[in-house]
Number of protein chains: 2
Amino acid sequence: MFEIFQKYISDQITLSEEDYELIKSVCIFKKLRKRQYLLQDGDIWKFNAFVCKGCLRNYRVDENGGEHIMGFSKECWWTGDRESLLTGKPSANNIDALEDSEVILITKPSFEMLCAQLPAFNDLINGILNKSFIASQNRIHSAISFTAEQKYRSFMDKYPDLTHRVPQHMIASFLGITPETLSRVRKEVAKK
Amino acid sequence: MFEIFQKYISDQITLSEEDYELIKSVCIFKKLRKRQYLLQDGDIWKFNAFVCKGCLRNYRVDENGGEHIMGFSKECWWTGDRESLLTGKPSANNIDALEDSEVILITKPSFEMLCAQLPAFNDLINGILNKSFIASQNRIHSAISFTAEQKYRSFMDKYPDLTHRVPQHMIASFLGITPETLSRVRKEVAKK
DNA sequence: TAAAAACCTTGATATAGATCAAGTTGCTTT
DNA sequence: AAAGCAACTTGATCTATATCAAGGTTTTTA
């Protein structure tokens, strides 16, 4: 399980054997069965989580029980709840596994230690935060500007693999449309 | 103009006189008249921009000429286009002044120098990036989950001052609804 | 200070997408 | 392998919001 994380890191920066030992020493390995929660709303989230295998979703539940998917995380993506982690307040999010999955958890203090000890690791993480922010901006743009069809096309464009990997009604939820609408949009898109 | 930036910093971290001199030495001071562009799409954005005075908007234009407002930035907020800055590619965004404004620009190399030389400054900036990311997540949630009325209420909640400071049709654009709908929503909200 | 723009509101109408409902297919679980 | 559940589709209808249009108000500019 650690090898995947190690490869992910070594593909981007150069670290010594000892550096990897240090990282490994603070990793918490966790296997999740399909449908198992990694985080439930109301809990306080304490980690940074790296997905080695499988796929998770991060969602919020509204007052009517409606689920709204904030994001998916597959292998080599990060997940968690930055807001709860930063503020120490209970999370409004739920994270659960869409498939049997394997994740690595690193507590906030350990993570900060790594960033302090390993400048290259710190840069790597910073780059990811930057990229996530940019992705969020683009998602906001699509949410406030696009039609249902444009939203779906841009999803396929950006996440071609997820398009077939996660249930359609979850993609609909991610896009902020109903499953019925997505089904009809797909029929249209298939025609052209 | 620099005093505002200095106060903003000193309210959050402690720096020496020399540190401020260093910061000041890389600041580019710029005054903008109402409607003046700070960035036009197609240009490559090279700075981090801190708003000392006034208010700007950041927006994208779609193929039909429709404007979609990504964000507002008033005094003591940051603005710019992180994506263009990071990738070096032409920006898809426009930034212009809604009021006569004053901004401080810091080029990317200078900014990185400051972050490297002044760890506290680096932490400060990191905190801002984190908070912006969290704000983006919350905006995504509202965009995919809320009705027009809920969107407007949450805007008033989050930005009570902007509610009266920027034109209504721009708030509508920010929320992803039409100006007419916003006008009607406001009438409803006023009743209750 | 008058003319021109920009802005906001209100009404009438249109429509994209939501909701409700039923049937089908395809996974899980025992 | 059957039963039960979850996922997808399709049709009918409804509704929140968009679009189109016009008038009134405020702000800008000459």
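The chains referred to below are lettered A, B, ... by the order of the sequence lines, with proteins before strands, and numbering in each begins at 1. The shown structure was predicted, so the numbers you read here are calculated from the model rather than taken from an experiment.
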Heavy-atom closest pair, residues A:Cys55 and A:Leu162: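 In this case the closest contact between A:Cys55 and A:Leu162 is SG-CD2, 4.2 Å.
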
Pair A:Ser136, B:Gln137: side-chain N/O donor-acceptor within cut-off below 3.5 Å: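 B:Gln137 and A:Ser136 do have a side-chain donor-acceptor pair below 3.5 Å.
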
Residues touching DNA chain C, which here means a heavy atom under 4.0 Å, drawn from residues 158-169 of chain B: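 Under 4.0 Å from DNA chain C: B:Pro167, B:Gln168, B:His169.
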
Figure out the [atom1]/[atom2] separation between [X] and [N], and round it to whole Å.
X: A:Leu175; N: C:dA18; atom1: CG; atom2: C1'; answer: 15 Å
X: A:Arg186; N: C:dG17; atom1: CZ; atom2: C1'; answer: 18 Å
X: A:Ile69; N: D:dA7; atom1: CD1; atom2: P; answer: 10 Å
X: B:Leu98; N: C:dA6; atom1: CG; atom2: P; answer: 14 Å
X: A:Glu99; N: D:dA6; atom1: CD; atom2: P; answer: 18 Å

Nearest-0.5 Å distance, CZ of residue A:Phe174 to NZ of residue A:Lys151: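 Answer for the CZ-NZ pair, A:Phe174 versus A:Lys151, is 11.5 Å.
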
Scan the side chains in residues 38-48 of chain A for donor-acceptor partners under 3.5 Å anywhere in the protein, sequence neighbours excluded, and list what turns up.
residue	atom	partner	partner atom	Å
A:Asp41	OD1	A:Asn94	ND2	3.0
A:Trp45	NE1	A:Phe47	O	2.6

Tell me whether [X] is salt-bridged to [Y], with the criterion being a basic N under 4.0 Å from an acidic carboxylate O.
X: A:Arg153; Y: A:Glu149; result: yes
X: B:Asp11; Y: B:Lys7; result: yes
X: A:Arg35; Y: A:Asp96; result: no

Side-chain N,O (B:Lys187) to OP1/OP2 (C:dT9) below 4.0 Å: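 No, B:Lys187 has no side-chain N/O under 4.0 Å of OP1/OP2 on C:dT9.
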
Given A:Asn58, A:Leu98, A:Leu56, the one that forms side-chain contact (heavy atoms from CB on, under 4.5 Å) with A:Phe72: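 In the set A:Asn58, A:Leu98, A:Leu56, the residue that makes a side-chain contact (heavy atoms from CB on, under 4.5 Å) with A:Phe72 is A:Leu98.
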
Reading 5' to 3' through nucleotides 13-30 of chain D, protein heavy-atom contacts under 4.0 Å coded B for base, S for sugar-phosphate only, - for none: ----SSBB-------S--

